[in-house]
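The first residue of the sequence shown is numbered 1, and numbering continues consecutively from there. Both counts, for ligands and for their atoms, begin at 1 and track the order of listing.
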Amino acid sequence: MTEQTSLPEDARDDLLDRGYSRRQLARVAGIFGAGAVAASLGRPAWASGGVPDPAPTAKVRIGANECWTGPLLPGQRAAQKIIANSNRYAPQDERNDFLKAVMAVEGVPYDHIAPWPGSSDPLSRAIVSFCSPQRGLVTADPTFELAGRTADWLGAPVKRVPLTAEYAHDVRAMLAADPNAGLYYICTPNNPTGTITPIPDIEWLIANKPAGSIVLVDEAYTHFAGVPVASPLVTAGRDVIVLRTFSKIFGMAGMRMGFTMARPDILAKMIRYDGGMQSGALPLPSLACATASLTAAPLIAARRAEMVQARGIALDHLRARNIVVKPTSANMIMIDWKTRPAKDVQAAFRAQSVEIGRSWPIWPTVSRVTVGSATEMKAFCVALDKVMA
Ligand SMILES: Cc1ncc(COP(=O)(O)O)c(C=O)c1O
């Protein structure tokens with residue numbers, strides 16, 4: 001029997017050497033894929049090769065698309081309160097409270113929601129669940145790379161499709177690039193460009209994609225943009241997964257909380273091998289913090305306004321220096337240094353104790369700068385003047 005698995009050759013050989021049967025390989029691929037891929041490839045910006053880099057020592061850290069400040073106060077209070085009862089797996093059914101909060105805010109049914117420790121794990125899992133050597137991934141370029149890296153690791157074909165002139169996802173070109181893909185990945189607002197792919201474009205892709213495939217909409221930065229979201233497509237029962245994280249506007253990157261919204265049959269495929277253990281058992285302080293934060297609409301709006309104001313400081317300064325940047329709807333700005341490699345510019349900023357973001361291979365002279373606090377953006381402007389001098 002020649003069992004096709006999505007495992008890379010070296011991993012497959014290793015498993016066979018250790019006594020796994022060929023029939024077990026496909027199942028192992030699921031476990032190995034989601035776990036190991038999330039651990040080794042879903043690493044956050046600070047980690048490399050499985051060994052965490054030391055945290056940047058720069059005074060101003062505007063490189064990793066984190067929030068400039070910690071969790072919203074109601075979230076902090078809820079997290080602190082529950083620590084004393086954390087001897088229990090579920091002192092008062094906190095998971096249920098979280099699901100009800102998502103239902104109330106997003107309008108999706110209860111059984112269409114799965115919480116996770118961050119959004120990297122479910123992002124990798126979705127690739128493991130819906131892509132294979134036969135059914136590949138279509139993603140944008142540039143975009144958040146985890147989906148593409150996971151598919152590469154699994155040996156699933158990957159098509160990387162350039163953004164449109166407005167830096168939206170070119171959904172028609174994405175479908176044309178692989179009309180039989182297993183998953184189409186849309187990041188909106190897109191990391192690193194901060195640009196929106198309109199919901200009608202996403203609807204078009206869902207309506208025209210092949211049967212059995214999934215459109216994954218990663219809305220990690222959506223609260224920064226305040227634009228229409230894709231959760232109604234979940235409620236409408238479409239072939240879509242909507243991915244959210246608390247690592248961005250909610251200031252909880254180190255607390256590891258996220259959730260997916262999708263039809264129950266889609267979620268079942270993502271949790272099939274661990275029976276929902278990853279999704280079911282989450283650190284209580286993180287869960288409580290997320291529940292209290294998600295429902296704090298006025299505080300979310302205030303934080304968005306604070307980001308817009310801080311972003312404006314940087315944008316005004318760039319404009320005054322005749323540095324043209326594309327419009328962005330999220331907490332990031334892409335700056336083209338034209339003749340200077342982005343890596344060199346990043347090093348020059350680091351010398352000013354300002355850690356800006358990286359570049360993407362498709363645009364080697366463009367850096368991503370995360371919007372921090374107003375004070376941080378003023379420091380960025382001062383450093384920019386020195387770097388450009
Ligand atoms: C678009 C996007 N999706 C997902 C993630 C994963 O974040 P986390 O695992 O912290 O939820 C990130 C992190 O930067 C991101 O930018």
Side-chain angles (χ1 to χ4, degrees), residues 34-35 37-48 52-53 56 61-68 70-71 102 114-127 137 139-151 163 167-169 183-197 202 215-225 227 229-230 241-261 270 278-279 282-283 286-287 289-290 293-294 307 328-334 355 357-360 368-372:
V37 167
S40 66
L41 302 173
R43 61 187 187 257
W46 44 261
S48 74
D53 291 333
R61 289 168 62 171
I62 48 174
N65 271 5
E66 299 152 328
C67 195
W68 63 92
V102 177
W116 304 95
S119 63
S120 296
D121 178 309
L123 176 46
S124 282
R125 271 174 198 256
I127 306 302
L137 166 75
T139 182
D141 196 10
T143 192
F144 186 57
E145 299 102 324
L146 178 56
R149 284 196 195 141
T150 306
L163 300 171
Y167 290 178
H169 286 60
L183 191 142
Y184 298 85
Y185 174 69
I186 309 269
C187 184
T188 178
N190 187 43
N191 178 7
T193 52
T195 41
I196 304 295
T197 297
I202 296 171
V215 175
L216 172 56
V217 185
D218 184 343
E219 294 184 331
Y221 300 93
T222 194
H223 289 94
F224 281 123
V227 293
V229 291
I241 300 171
V242 175
L243 185 64
R244 296 283 181 81
T245 180
F246 289 87
S247 297
K248 306 303 172 184
I249 203 167
F250 294 105
M252 291 173 55
M255 291 184 83
R256 312 307 302 137
M257 266 301 294
F259 63 98
T260 44
M261 294 178 278
M270 293 170 67
Q278 284 301 315
S279 173
L282 292 156
S286 306
L287 203 51
C289 185
S293 301
L294 194 62
M307 184 282 291
T328 164
S329 297
N331 62 326
M332 58 196 107
I333 304 169
M334 291 294 267
E355 188 69 37
R358 61 197 171 95
S359 62
W360 267 245
R368 186 193 67 193
V369 175
T370 302
V371 178

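- When heavy-atom distances to ligand 1 are checked against a 4.0 Å cut-off, Ala220 comes that close only through its side chain, counted from C-beta outward.
- We find the OG1-CG distance between Thr150 and Leu137 to be 8.5 Å, quoted to the nearest 0.5 Å.
- If you number the atoms of ligand 1 from 1 as listed, the ones under 4.0 Å from a heavy atom of Lys248 come out as 13 (C), 14 (O).
- Interface atoms of ligand 1 facing Ser247, defined by a heavy-atom separation under 4.0 Å, are 8 (P), 10 (O), 11 (O).
- From Trp116, atom CH2 reaches atom CE of Met270 across 5.0 Å, with rounding to the nearest 0.5 Å.
- Neither the backbone nor the side chain of Phe246 has a heavy atom within less than 4.0 Å of ligand 1.
- Looking at ligand 1, you'll find an N or O of Asp218 within less than 3.5 Å of one of its N or O atoms.
- Residue Ser119 has at least one heavy-atom neighbour below 4.0 Å for each of these atoms of ligand 1: 4 (C), 5 (C), 6 (C), 7 (O), 8 (P), 9 (O), 11 (O).
- Ring geometry for Phe250 against His223 counts as perpendicular: the plane angle is over 60°, on a 0 to 90° scale with 30° as the lower cut.
- Atom-to-atom distance recorded for Thr370:OG1 and Lys248:NZ is 8.0 Å, nearest 0.5 angstrom.
- Every atom of ligand 1 is numbered from 1 in the order shown, and the set under 4.0 Å from a heavy atom of Gly118 is 11 (O).
- In this structure, Met257 CE and Leu294 CG are separated by 9.0 Å, a value rounded to the nearest 0.5 Å.
- In summary, the side chains of Thr143 and Asn190 do present a donor paired with an acceptor at a separation below 3.5 Å, with no hydrogens or angles considered.
- Ligand 1 lies nowhere less than 4.0 angstrom from a heavy atom belonging to Met257.
- Listed by number with element, the atoms of ligand 1 under 4.0 Å from a non-hydrogen atom of Cys187 are 1 (C).
- The CZ atom of Arg368 sits 11.0 Å away from the CD1 atom of Ile62 when rounded to the nearest 0.5 Å.
- With ligand atoms numbered from 1 in the order given, ligand 1 contributes 6 (C), 7 (O), 8 (P), 9 (O) to contacts under 4.0 Å with heavy atoms of Ser120.
- Taking CD of Glu219 as the reference point, atom OG of Ser119 lies at 11.5 Å (rounded to 0.5 Å).
- Below 4.0 Å from some heavy atom of Arg256 lie the following atoms of ligand 1, by number and element: 8 (P), 9 (O), 10 (O).
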